[in-house]
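What follows is a short report on a single structure.
Predicted model, so just to flag it, every value in this text is computed and none were measured. Side chains are part of it too, since the values below use all heavy atoms of this structure and drop only hydrogens, waters and symmetry mates.
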Amino acid sequence: MAAGNLSICTLHRKSHTSTFPTSHYHGITITIDLEGITDEMGRILKLLSINLTQISEFAGKQDFYMVRANETVQHIFSELYTVQEHIKPSYIRIKLLELLLILTEMDFDRIKNDYVYFSKSQRNCTRQIHDFIVEHIKEHYTIEELAERFEISPTAMKRCFKGMYGAPVYAYLRTYRLQIAEKLLREGSLSVGEIATEIGYTNPNKFTSAFRGEYGMTPTEYKKNV
């Protein structure tokens, strides 16, 4: 999942495992127990044109649905991070109803048709490429070098990587590097220069510029605020 994405799945008779490369995650998880919906809650949901049964039936058709970042979803969740604390519980309930209404109207069949499927060998190869570049985060490899190393065509590699990880190789690795930097800044054991070197930036100014573009402040400013 990339920033701003929404994943929908059913937990009924299924088991899901999620992993996050930097072991650091900002997000919201919503679990709905359909059996716990009271008659009164059902009437309120019906009044608001929210159909949980329909959402559940679509979610149960496959392991999960992925909705890529869009303005509607981002609008719902972004406001949850800025709302005043004393009204946050009530505000979350309102935004949840808004989200459920959007999901009720969502064309899940179209989303399913938009999926790009890859063969098992392509998926395995792409995962190996992913694991390699994050394990060698200080190094810089070209698409051609990676494709040759893992015996896949550059075109297929770029298409599979973006399809599986939601971003092109270089864009994904840039974001990953900055996420590692953010994690190291929070831990506070390394200087800004050391962190830049640790994630493969030989030029501290380029690191500062990239970090500011991602987080809205310089690494030094971020370190002071955490």
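Here the straight-line distance linking atom NZ of Lys158 with atom CD1 of Ile129 works out to 12.5 Å at 0.5 Å rounding. To the nearest 0.5 angstrom, Ile44 atom CD1 is 7.5 Å from Thr38 atom OG1. Going from atom CD1 of Ile32 over to atom CD1 of Ile30 covers 7.0 Å, rounded to the nearest 0.5 Å. Distance CG/Leu100 to CD/Gln54: 12.0 Å, rounded to 0.5 Å. Atom CZ in Arg174 sits 5.5 Å away from atom OH in Tyr201 (nearest 0.5 Å). To the nearest 0.5 angstrom, His130 atom NE2 is 5.5 Å from Phe161 atom CZ.
Judged by distance alone, the side chain of Arg177 and the main-chain N or O of Ile137 form a donor-acceptor pair under 3.5 Å. Remark: the backbone N or O of Pro204 is paired with a side-chain donor or acceptor of Thr208 at under 3.5 angstrom.
Looking at Ser121 and Ser119, their side chains do bring a donor and an acceptor atom within 3.5 Å of each other. No donor-acceptor contact under 3.5 angstrom links the side chains of His136 and Tyr141, judged on distance only.
The two atoms that bring Ser191 and Glu194 nearest to each other are N-OE1, 2.9 Å, heavy atoms only. Residues Leu178 and Phe207 come closest through the heavy atom pair CD2-CE1, 4.2 Å. The two residues Ser49 and Leu101 come nearest to each other via the heavy atoms O-CD1, 3.7 Å. Taking every heavy atom of both residues into account, Glu214 and Thr175 meet most closely at OE2-CG2, 4.2 Å. Contact record, Ala147 with Met157: N-SD, 3.8 Å, taken as the closest heavy-atom pair. Taking every heavy atom of both residues into account, Gly42 and Ile37 meet most closely at N-CG2, 3.9 Å.
The shortest distance between side-chain heavy atoms of Ser189 and Leu184 does not fall below 4.5 Å. Two residues are said to be in side-chain contact when any heavy atoms from C-beta on lie closer than 4.5 Å; Leu97 and Leu45 meet this criterion.
Each of Ile55, Leu48, Thr53 was evaluated against Asn51; a single residue qualifies, Thr53, per the side chain to side chain contact (heavy atoms under 4.5 Å, CB included) test.
Under the 4.5 Å side-chain heavy-atom criterion for ILVMFWY residues, a single connected hydrophobic cluster contains both Val83 and Ile92. Cluster annotation: Met41 and Leu52 are assigned to the same hydrophobic cluster (Ile/Leu/Val/Met/Phe/Trp/Tyr, side-chain heavy-atom contacts under 4.5 Å, transitive). Ile94 and Ile50 fall into different hydrophobic clusters, where Ile, Leu, Val, Met, Phe, Trp and Tyr are joined by side-chain heavy atoms under 4.5 Å apart, directly or via other members.
Counting heavy atoms of neighbouring residues, nucleotides and ligands inside a 6.0 Å radius, atom NZ of Lys223 exceeds 12 of them. By the neighbour-count criterion of 12 heavy atoms within 6.0 Å, atom CG of Asp39 is sparsely surrounded, having that number or fewer from other residues, nucleotides or ligands. In the displayed structure, Glu187 atom CD is contacted under 6.0 Å by more than 12 heavy atoms of other residues, nucleotides or ligands.
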Should Tyr170 and Thr142 be marked as a side chain to side chain contact (heavy atoms under 4.5 Å, CB included) after you check the CA-CA gap, both sets of side-chain angles, and the distance that decides it?
CA-CA 9 Å; Tyr170 294 146; Thr142 66; 4.0 Å; yes
What's the verdict on side chain to side chain contact (heavy atoms under 4.5 Å, CB included) for Arg212 and Met217, showing C-alpha distance, side-chain angles and the deciding distance?
CA-CA 5 Å; Arg212 184 192 292 113; Met217 63 183 74; 5.8 Å; no
Glu182 and Tyr222: side chain to side chain contact (heavy atoms under 4.5 Å, CB included), yes or no, with the steps?
CA-CA 8 Å; Glu182 190 259 354; Tyr222 187 91; 2.2 Å; yes
Candidate pair Phe211 and Leu185, rule side chain to side chain contact (heavy atoms under 4.5 Å, CB included), full reasoning:
CA-CA 11 Å; Phe211 192 91; Leu185 286 167; 3.5 Å; yes
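A salt bridge links Lys88 to Glu85: at least one charged side-chain nitrogen sits closer than 4.0 Å to a carboxylate oxygen. Ion pair Arg43/Glu40 not flagged as a salt bridge, since none of the NZ, NE, NH1 or NH2 atoms sits closer than 4.0 Å to an Asp/Glu carboxylate oxygen. Salt-bridge formation is not detected for the pair Glu145/Arg149: no Lys NZ or Arg NE/NH1/NH2 atom is positioned less than 4.0 Å from an Asp or Glu carboxylate oxygen.
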